[in-house]
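Per chain, numbering begins at 1; letters A, B, ... match sequence-line order.
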Amino acid sequence: MNSNNDPINPTTDDVSANFIHDLIDEDLAPGGRFAGKTVHTRFPPEPNGYLHIGHAKAIVIDFGTAEKYNGLCNLRMDDTNPSTEDVEYVEAIQNDIRWLGYDWGGRFYYASDYFPQMFDFACRLIEKGLAYVCELTPSQIRATRGTLTTPATPSPYRDRPASESLDLFRRMRAGEFPDEAMTLRAKIDLNSGNFNMRDPVLYRILRAHHHRTGDDWCIYPMYDFAHPIEDALEDITHSLCSLEFEDHRPLYDWVIEHIDAPAKPRQIEFARLNINHTVMSKRKLRILVEGGHVSGWDDPRMPTLSGLRRRGYTPASIRNFIERIGVSKVNSMVDYAFLEHCLREDLNQNARRVMAVLRPIKLIIDNYPADRNEKFPVENNPERPEDGVREVSFSRELWIEADDFMETPAKGYFRLFPGNEVRLKSAYIVRCTGCKKDADGQVRVVHAEYDPATRGGSTPDGRRIRGTIHWVDAATAQTAEIRLYDNLFSVEDPDTADQEIINHLNPDSLEVLPDCKIEASLQGCRPPEAFQFLRLGYFCPDNVDSRPDALVFNRSVSLKDSWRPK
RNA sequence: UGGGGUGUCGCCAAGCGGUAAGGCACGGGACUUUGACUCCCGCAUGCGUAGGUUCAAAUCCUGCCACCCCAGCCA
């Protein structure tokens, strides 16, 4: 990512300083652990689901840190558990990372590529008396692991001769034993207060078809054994991961030390990202998808990168968000409002303004000739005058927003109400003369008279017009479907409020407006183009359902609105 | 109860012994042909808590308290 191509933050696109960078600075300093070395990080997703914004934090930290130090960052599929992984996710993961704006420069690896080396390292560990084949069942292992306060009891196989373990391990690999018959375990410390050190399992027998290695293997390494090896083989200097791996670090270091690894990466842990009113675990997101509570992994309400992309979030806004929330070791919950702020900040600068009416009612300008039509120039983006203007058609009948009219105005309301003047954006000042309602008492038509002297919305006499509203010429309007979104969950923290997250779903998280009126210039627009619908918010064509002849828009985020009755 | 972490404004987060940055949110005002944007102003005598060291402590020491993670042949 070029640090100068961000229109919002031309000079602060790098990850800002944080405790990780302090540690790296120490490592790089003369006499430091990695003095003279190139900083090398990695992003190691497991291909068992779609990436979400929590992963974006890791991605920005991993790739951003490498960038900051002019180092390298590898992309590596951590595919050591074929029972949950699938090639389907591999491509999606790469797409999402590229979309965010990061490049791994050809250094795309699979943990499974290292299976042969891992097997060799394991054999060496056995020869050194540091690992043994254990024939305890899963439940027996659990039963002998001890408790918080009592140590583990030794496996009866703990002290079998290395030669015997080596033979069994090779036969495990050869497929001579059924799943769960035995494991390879490290021999470390049964008294440790850290469960990870109580003879952790290094390899298990697992007959599952691997998406890359097929049926070559029937034993697979555990994360704790595989990860440090992957890092070491790739000459990673800093292995950045989340907090829950903190007490795995002694084991990580143990593996690095005892396999005589070609490099000694340093693991540093940081806090995961949590955002209120949503969930951030693949498991829970999967519940939403498989339960049909959302339309899929890319439902615009989902915190997945594909969902955010479909919703209209830009890569820059997400990167900016991650950079600005900072990096620390405090379990935290970031306000969704801050993510929205970052999107607005980007789109305010870059989105073309356009007029659209979500809940249309007719405005008839009684003193405007029925056969007349004018074209008014309207600026495309007041933030960027160089973007110019477009011609917008105007005639006697217009669509306006239902809540831009009140028959009896609330206190402080300065839009359309009988007797009041309002400016039709870039067109004319009109005075409301009344309204017509349907049988249900709903206002269907508002009547007004325009002031010919106010062409373009100007007031030659200098009179002050408080309200300016948007409109769409009924004669040339297009109809579109617009989807409005709200929080997926009605509670701040659906993770802890209840295990049954479904009970906390916000029933109003999606509102579909099938009959919106949009200005003609929107015809043919395609994602990922973003628009500001004047006075309403930022919208973008849906990247799944929108068609040139049947536009569908998603509201990415509303505009802030400080209006409330006084 | 064992081990590993963390506690600075409603939410993030700087701070690294010299007297509490910044952003979001919120409140007030200015500007406004978007009730948007922008711009001003306000927003922790206080840094989990109790002591101690020091001329000086959010920063050092000690003791408490709270919260998070760990007993998968998941990652």
Point to revise | Geometric cation-pi criterion R207(A) and W217(A), 6.0 Å radius, 45° cone | key: no
How close or far is atom [atom2] of [N] from atom [atom1] of [X], stated in whole angstroms?
X       : N      : atom1 : atom2 : value
D253(A) : G3(B)  : CG    : P     : 19 Å
N320(A) : G22(B) : CG    : P     : 19 Å
D335(A) : A13(B) : CG    : P     : 12 Å
F19(A)  : C16(B) : CZ    : P     : 18 Å
E269(A) : U6(B)  : CD    : P     : 10 Å
N274(A) : C67(B) : CG    : C1'   : 14 Å
D561(A) : C37(B) : CG    : P     : 10 Å
R564(A) : A36(B) : CZ    : P     : 10 Å

Review point. Quantified in whole Å, what is the C1' atom distance between nucleotide G46(B) and nucleotide A21(B)?
Key: 15 Å
Applying the Watson-Crick and G-U wobble criteria at under 3.5 Å, what pairs with [N]? Answer none if nothing qualifies.
N      : answer
U1(B)  : none
A13(B) : none
G42(B) : C26(B)
C64(B) : G48(B)

Exercise for review: Could you tell me whether T137(A) contacts a base, only the sugar-phosphate backbone, or nothing, with contacts defined as non-hydrogen atoms closer than 4.0 Å?
Suggested key: base
Practice item. Pick base, sugar-phosphate or nothing for E46(A), based on heavy-atom distances below 4.0 Å to the nucleic acid. Key: sugar-phosphate
Check your understanding: Got a salt bridge between R272(A) and E244(A), using NZ or NE/NH1/NH2 to carboxylate O under 4.0 Å?
Key -> yes
Review point. Can G63(B) be described as syn, meaning its chi torsion is within 90° of 0, or is it anti?
Key: anti
**Study point:** Donor + acceptor pair across side chains of N74(A), E234(A) (<3.5 Å)
**Key:** yes
Practice item. Decide yes or no, distance alone: a donor-acceptor N/O pair under 3.5 angstrom between the base of G4(B) and the side-chain of N194(A). Key: no
Exercise for review: State, yes or no, whether a side-chain contact exists between Y450(A) and I429(A) at a heavy-atom distance under 4.5 Å.
Suggested key: no
Check your understanding: Would you find a donor on one side and an acceptor on the other, under 3.5 Å apart, between the side chain of S328(A) and the backbone of V330(A)?
Key -> yes
